[in-house]
Number of protein chains: 2
Amino acid sequence: MPFPHYGQPRYRAVADELRRRIETGTIRPGTLLPAESILTAEFRVSRGTIRQAIAVLRNEHLVTTEHGRGTYANACRHASGPGAELEARERHVSADPELAALFAVEVGTVLLEHESVTRTNGTVGLVVRTYQLLQAEQ
Amino acid sequence: MPFPHYGQPRYRAVADELRRRIETGTIRPGTLLPAESILTAEFRVSRGTIRQAIAVLRNEHLVTTEHGRGTYANACRHASGPGAELEARERHVSADPELAALFAVEVGTVLLEHESVTRTNGTVGLVVRTYQLLQAEQ
DNA sequence: AGAAATTTGTCCGTATGTATC
DNA sequence: AGATACATACGGACAAATTTC
């Protein structure tokens with residue numbers, strides 16, 4: 001079984017298969033993934049390889065791991081259908097006094113605002129807004 | 001001699017120390033970090049632990065690794081020179097209607113705001129504000 | 001309440017493949 | 001080609017958090 005890996009690493013192949021199961025609903029959102037020991041037996045790879053594969057999915061925010069509990073499948077957010085919402089947008093806003101002072105411009109000067117929303121399990125966890133001058137020299 | 005100090009993983013302690021060296025200029029931007037073998041000898045930990053620590057910094061975009069060559073320190077984005085002011089701060093703010101809708105709370109609910117200012121050549125180039133609920137579960 | 005089992009987290013040592021100089 | 005260094009993979013060990021009995 002320990003084949004040399006030409007081209008694709010094994011942990012990536014495992015990650016691809018697990019991702020497929022989550023996105024197709026074979027592993028449903030909110031449910032636990034099989035334990036590392038189970039996955040080790042199924043894929044015939046070492047525990048480290050399984051953990052590496054899960055780390056890939058965690059980095060993609062597709063799963064969440066809890067110490068002593070297990071790894072949960074999150075709601076996948078890559079639906080490209082009609083219900084897909086925009087998580088980021090840009091718009092022009094007027095500088096409030098604080099922003100005006102920071103940028104050394106007059107209050108009301110138009111700034112470019114970029115807003116991005118990150119959700120965890122469907123609920124908003126963090127909102128990030130960036131502001132910059134329109135004619136950015138950098 | 002590998003004494004176990006629990007509470008903080010070793011790879012994290014190594015990452016903290018390396019991050020400190022980069023941010024204080026002990027390791028200058030653009031230069032190569034010491035090789036794994038060197039770090040292994042210095043910190044008295046295994047290669048895997050060193051690699052895990054470097055992965056942390058890579059995830060923070062503090063370093064860049066090139067296959068077969070080494071790991072470079074990137075330019076850190078807050079200068080610590082004598083004229084350096086506080087570029088970041090946290091405070092409590094009341095949710096405006098838009099934020100309230102995003103977080104699904106009532107208008108006026110207290111949120112945690114983190115503001116960070118980046119300057120280029122002394123002038124403000126970008127202001128970043130993040131908002132989150134006070135009881136962060138993450 | 002407590003002990004045991006389960007599960008993830010960390011760490012070690014080793015081996016081999018692969019890319020760069 | 002040789003040296004060096006990163007990437008991948010394995011197996012084992014113990015700790016820590018959680019669940020179950």
Side-chain angles (χ1 to χ4, degrees), chain A residues 1-19 21-22 27-28 30-74 120-121, chain B residues 1-19 21-22 27 30-74 136-138:
Chain A
M1 287 322 180
F3 276 96
H5 41 282
Y6 282 102
Q8 173 147 12
R10 305 177 75 160
Y11 76 91
R12 207 159 303 184
V14 174
D16 288 343
E17 171 59 18
L18 291 178
R19 187 188 304 109
R21 293 183 188 178
I22 294 174
I27 297 177
R28 285 194 289 185
T31 64
L32 277 173
L33 269 68
E36 292 174 354
S37 55
I38 306 294
L39 295 175
T40 293
E42 176 185 347
F43 289 101
R44 305 297 202 95
V45 296
S46 73
R47 192 181 159 218
T49 302
I50 292 293
R51 289 181 56 75
Q52 215 168 344
I54 290 179
V56 170
L57 303 181
R58 198 164 35 227
N59 197 278
E60 297 171 2
H61 300 96
L62 219 86
V63 299
T64 304
T65 302
E66 292 184 26
H67 193 166
R69 290 258 292 249
T71 297
Y72 292 93
N74 294 333
T120 51
N121 294 337
Chain B
M1 37 298 202
F3 45 89
H5 43 328
Y6 299 115
Q8 182 168 35
R10 293 189 163 189
Y11 76 90
R12 202 169 291 267
V14 173
D16 288 343
E17 170 62 16
L18 290 177
R19 185 186 307 108
R21 293 185 189 177
I22 293 174
I27 298 178
T31 64
L32 275 174
L33 268 67
E36 284 186 351
S37 55
I38 307 296
L39 296 175
T40 295
E42 175 184 348
F43 289 101
R44 303 297 200 98
V45 296
S46 74
R47 279 204 300 268
T49 303
I50 292 292
R51 290 181 50 72
Q52 220 169 340
I54 290 181
V56 170
L57 304 181
R58 195 161 41 224
N59 196 277
E60 298 171 1
H61 298 97
L62 219 88
V63 299
T64 303
T65 303
E66 288 186 28
H67 200 154
R69 207 182 279 183
T71 297
Y72 291 93
N74 294 334
E137 72 281 18
Q138 208 263 351

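No experiment lies behind these values; they were computed from the predicted model shown. Below, read A as the first sequence line, B as the second, and so on, with proteins coming before strands; counting in each chain starts at 1. Worth knowing before you read on, the calculation uses all heavy atoms, side chains too, and leaves out hydrogens, waters and symmetry mates.
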Checklist entry - Looking across every strand, which nucleic acid part, if any, lies under 4.0 Å from A/Gly48 by heavy atom: base, sugar-phosphate, or nothing? => result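 Answer is nothing: A/Gly48 stays at 4.0 Å or more from every strand.
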
Checklist entry - What residue among A/Thr49, A/Ile50, A/Val45 forms side chain to side chain contact (heavy atoms under 4.5 Å, CB included) with A/Tyr11? => result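 That would be A/Thr49; it is the only one of A/Thr49, A/Ile50, A/Val45 passing the side chain to side chain contact (heavy atoms under 4.5 Å, CB included) with A/Tyr11.
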
Going by the rule side-chain hydrogen bond (donor to acceptor under 3.5 Å, both in side chains), which residues pair with [X] if we only count those two or more places apart in sequence or in a different chain?
X	result
A/Glu36	A/Arg47, A/Arg51
B/Arg21	B/Glu17, B/Glu42
A/Asn59	none

Can you pull every protein N or O that's under 3.5 Å from an N or O on nucleotides 1-3 of chain C?
none

Next on the checklist: I'd like to know if A/Arg47 reaches the base of C/dG9 with its side chain, counting only an N/O donor and acceptor under 3.5 Å.
Outcome noted: yes

Checklist entry - Does the side chain of B/Thr49 get closer than 4.0 angstrom to OP1 or OP2 of C/dT10 through an N or O atom? => result no

Next on the checklist: Does a side-chain N or O of A/Ser37 approach OP1 or OP2 of C/dT6 to a distance below 4.0 Å, or not?
Outcome noted: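 Answer is no, no contact under 4.0 Å.
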
Checklist entry - What nucleotide, of D/dC10, C/dT10, D/dA9, holds the atom closest to the side chain of B/Tyr11? => result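 Ranking D/dC10, C/dT10, D/dA9 by closest atom to the B/Tyr11 side chain puts C/dT10 first.
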
Next on the checklist: Please enumerate all residues that pass side chain to side chain contact (heavy atoms under 4.5 Å, CB included) together with A/Ile38, with sequence neighbours excluded.
Outcome noted: A/Pro34, A/Ala35

Under 3.5 Å, which N/O atoms of the protein pair with N/O atoms of nucleotides 17-21 of chain D?
{"unit_1": "D/dT19", "atom_1": "OP1", "unit_2": "A/Arg69", "atom_2": "NE", "d": "3.3"}
{"unit_1": "D/dT19", "atom_1": "OP1", "unit_2": "A/Arg69", "atom_2": "NH1", "d": "2.9"}

